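Presented below is the structure to which this report refers.
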Amino acid sequence: MPLPIFYINLASRPDRRDHVERQLDALGLAGTRIEAVTAADCAGIPGSPLNPGELACSRSHQKIWQLMIEQDIAAALILEDDVLLSEQLPAVLDDPNLLAGVDAIQMETRQTSAMVGRLVPSTAAGIGRGRLMSSSMGAAAYVMTKAFAKRLVVDPRADMLSPDMLLFGRPGSLFYQASIFQSVPALAIQLDQTSDGRRGPGRSDLDEHRALFASPETISREPRWRRASRHWAHHLRLIATFAASGELWGARQYRLPLADDLQRLL
């Protein structure tokens with residue numbers, strides 16, 4: 001049975017809906033559109049450090065996690081509507097061992113470095129996945145199991161952190177606790193990473209809210225000693241979490257590679 005695919009889309013962005021559906025059709029895949037939560041829906045909600053646009057994004061992802069639980073969907077590929085997908089993605093999704101020992105798989109890269117464990121080869125040639133051991137930001141394309149979704153919907157930080165910070169970032173710290181993997185090479189990027197930048201479907205509806213809420217007061221001025229403390233705490237926790245199982249040996253920190261067809265778009 002094919003892995004279900006859901007994509008988040010605002011009714012006000014038919015250009016992005018077309019962008020996603022054209023890609024899925026070209027790849028021989030089918031996705032279900034999920035109406036995105038809007039910033040207006042989240043205006044005036046107290047208690048979250050996220051601005052209304054960011055909170056709307058988070059709750060849109062939560063909407064899919066809840067749907068997976070309610071409809072008893074064992075696992076799904078979750079997409080944002082500004083994603084660019086590699087032509088190699090269908091072969092990876094067809095891997096019968098894709099979900100073996102997995103809670104989630106980060107399919108995307110923001111062209112940053114990450115620490116990744118020894119690669120488990122896929123049945124798709126040249127593609128593997130490794131245990132994620134540091135931040136790998138972005139939430140435009142990831143696979144998640146229902147069991148993991150059940151943990152997330154009751155996590156009080158779901159409204160406090162952006163989806164990628166919660167799922168794949170140090171602030172969420174879930175990669176210490178759950179079996180979260182990174183696709184290598186990455187099979188997805190967001191449109192704003194390409195040479196065309198943020199034109200057309202790449203234009204983000206969050207930009208307005210980021211500009212509105214950005215100010216000198218909201219920019220982190222964390223002291224250097226505190227950043228250093230967090231850095232070393234992370235490495236000590238890596239040793240405590242992954243050394244005994246042997247997963248740490250063979251892990252390495254490197255700039256995440258991107259599938260060749262996506263690399264040509266940068």
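Basis for what follows: all heavy atoms, side chains included, without hydrogens, waters or symmetry-related copies. Model, not experiment: these values are computed from the prediction.
With hydrogens and angles ignored, the 3.5 Å screen pairs no side-chain donor or acceptor of Ser86 with any backbone N or O of Ala186. Between the Ser60 side chain and the Val37 main chain, a donor and an acceptor come within less than 3.5 Å of each other. Checking side-chain atoms of Glu87 against main-chain N and O of Asp261 turns up no donor-acceptor pair under 3.5 Å. Judged purely by atom type and a 3.5 angstrom limit, Lys63 has no side-chain atom pairing as donor or acceptor with the backbone of Ile8. Checked by atom type and distance alone, the side chain of Thr194 never pairs as donor or acceptor with a backbone atom of Leu265 at under 3.5 Å. Side-chain N or O atoms of Asp95 include none that pairs as donor or acceptor with a backbone N or O of Val92 at under 3.5 Å. Listed for the Ser135 side chain is no donor-acceptor partner under 3.5 Å among the backbone atoms of Met137. Counting only distance, with no hydrogens or angles, the side chain of Gln111 and the backbone of Ile189 share no donor-acceptor pair below 3.5 Å. Counting only distance, with no hydrogens or angles, the side chain of Glu108 and the backbone of Ala139 share a donor-acceptor pair below 3.5 Å.
Shown here is Arg157, whose CZ atom has more than 12 heavy atoms of other residues, nucleotides or ligands within 6.0 Å. Within 6.0 Å of atom CE in Met165, 12 or fewer heavy atoms from other residues, nucleotides or ligands are found, so the atom counts as exposed in its surroundings. For Asp41, the CG atom is densely surrounded, since the number of other residues' heavy atoms within 6.0 Å is greater than 12.
Taking OG of Ser173 as the start and CG of Leu166 as the end, the distance is 8.5 Å to the nearest 0.5 Å. Considering OG1 of Thr241 and CG of Leu248, their distance stands at 9.5 Å, rounded to 0.5 Å. To the nearest 0.5 Å, the span separating CZ on Phe242 from CH2 on Trp249 amounts to 12.5 Å. To the nearest 0.5 Å, atoms NZ (Lys146) and CG (Leu67) are separated by 12.0 Å. Here Leu89 contributes atom CG and Leu27 contributes atom CG; the two are 6.5 Å apart, rounded to the nearest 0.5 Å. Here the CZ atom belonging to Phe181 is positioned 12.0 Å from the CE atom belonging to Met107, to the nearest 0.5 angstrom.
Closest approach of Leu93 to Leu29, counting heavy atoms only: CD1-CD1, 4.2 Å. The minimum heavy-atom distance between Ala75 and Leu99, with the atom names listed, is CB-CD1, 3.5 Å. Thr123 and Ala91 make their closest contact through OG1-O, 4.3 Å (heavy atoms, listed as atom of the first residue, atom of the second, distance). Taking both residues in full, the closest heavy atoms of Ala158 and Gln62 are given as O-NE2, 3.2 Å, listed atom of the first, atom of the second, then distance. The two residues Cys42 and Pro52 have their closest heavy-atom pair at CB-O, 3.8 Å. Nearest heavy atom pair, residue Leu258 against residue Pro185, reads C-CB, 3.7 Å.
The side-chain heavy atoms of Gln106 and Arg129, taken from C-beta on, include no pair separated by under 4.5 Å. Ile180 is not listed as a side-chain neighbour of Leu167, based on a closest heavy-atom distance of 4.5 Å or more. Residues Leu79 and Leu85 have side chains in contact (heavy-atom distance under 4.5 Å, counting atoms from C-beta outward). Residues Arg13 and Asp82 form no side-chain contact, since every pair of their non-hydrogen atoms from C-beta on lies 4.5 Å or further apart. Inter-residue side-chain proximity for Glu21 and Asp25 is flagged as unmet; no heavy-atom pair is nearer than 4.5 Å. Contact of the Arg151 side chain with the Trp65 side chain is not registered, since no non-hydrogen atoms from C-beta on lie closer than 4.5 Å. Contact annotation: the side chain of Gln190 approaches that of Arg110 to within less than 4.5 Å [non-hydrogen atoms, C-beta and beyond]. Counting heavy atoms from C-beta on, the side chains of Asp103 and Leu174 never come closer than 4.5 Å.
When the side chains of ILVMFWY residues are joined at heavy-atom separations under 4.5 Å, either directly or via intervening members, Val143 and Ile5 end up in a single hydrophobic cluster. The cluster map of Ile, Leu, Val, Met, Phe, Trp and Tyr, joined by side-chain heavy atoms under 4.5 Å apart, puts Val83 and Leu266 in different clusters. Under a hydrophobic clustering in which Ile, Leu, Val, Met, Phe, Trp and Tyr are joined whenever their side-chain heavy atoms come within less than 4.5 Å, directly or via other members, Val102 and Ile127 fall into the same cluster. Note on Leu98: it clusters hydrophobically with Leu24, by side-chain heavy-atom contacts below 4.5 Å among ILVMFWY residues. Side-chain heavy atoms closer than 4.5 Å link hydrophobic residues (I, L, V, M, F, W, Y) into clusters, and following such links, possibly through other members, connects Phe6 to Met144.
The side chain to side chain donor-acceptor pair (under 3.5 Å) with Asn9 is formed by just one residue from the set Arg33, His19, Glu80; it is Arg33. The side chain to side chain contact (heavy atoms under 4.5 Å, CB included) test with Ser48 singles out one residue from Ile45, Leu50, Asn51, and that residue is Leu50.
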Query raised in the report: Yes or no on side-chain contact (heavy atoms from CB on, under 4.5 Å) for Leu77 and Tyr7, after CA distance, side-chain angles and deciding distance?
Result: CA-CA 8 Å; Leu77 172 64; Tyr7 70 90; over 6 Å; no
Requested in this report: Would you please test Arg118 and Arg131 for side-chain contact (heavy atoms from CB on, under 4.5 Å) and show each step?
Outcome: CA-CA 7 Å; Arg118 292 188 303 270; Arg131 187 74 180 264; over 6 Å; no
Report task. Begin with the C-alpha distance, continue with both residues' side-chain angles, and end with the deciding distance and a verdict on side-chain contact (heavy atoms from CB on, under 4.5 Å) for Ile78 and Ile34. Result -> CA-CA 10 Å; Ile78 300 173; Ile34 301 298; over 6 Å; no
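Under the 4.0 Å criterion applied to side-chain N and carboxylate O atoms, Arg59 and Asp159 are assigned as salt-bridge partners.
Phe168 and Tyr142 have perpendicular rings, their planes meeting at more than 60° on a 0 to 90° scale where under 30° would count as parallel.
A side-chain donor from one of Ser113 and Gln253 sits under 3.5 Å from a side-chain acceptor of the other.
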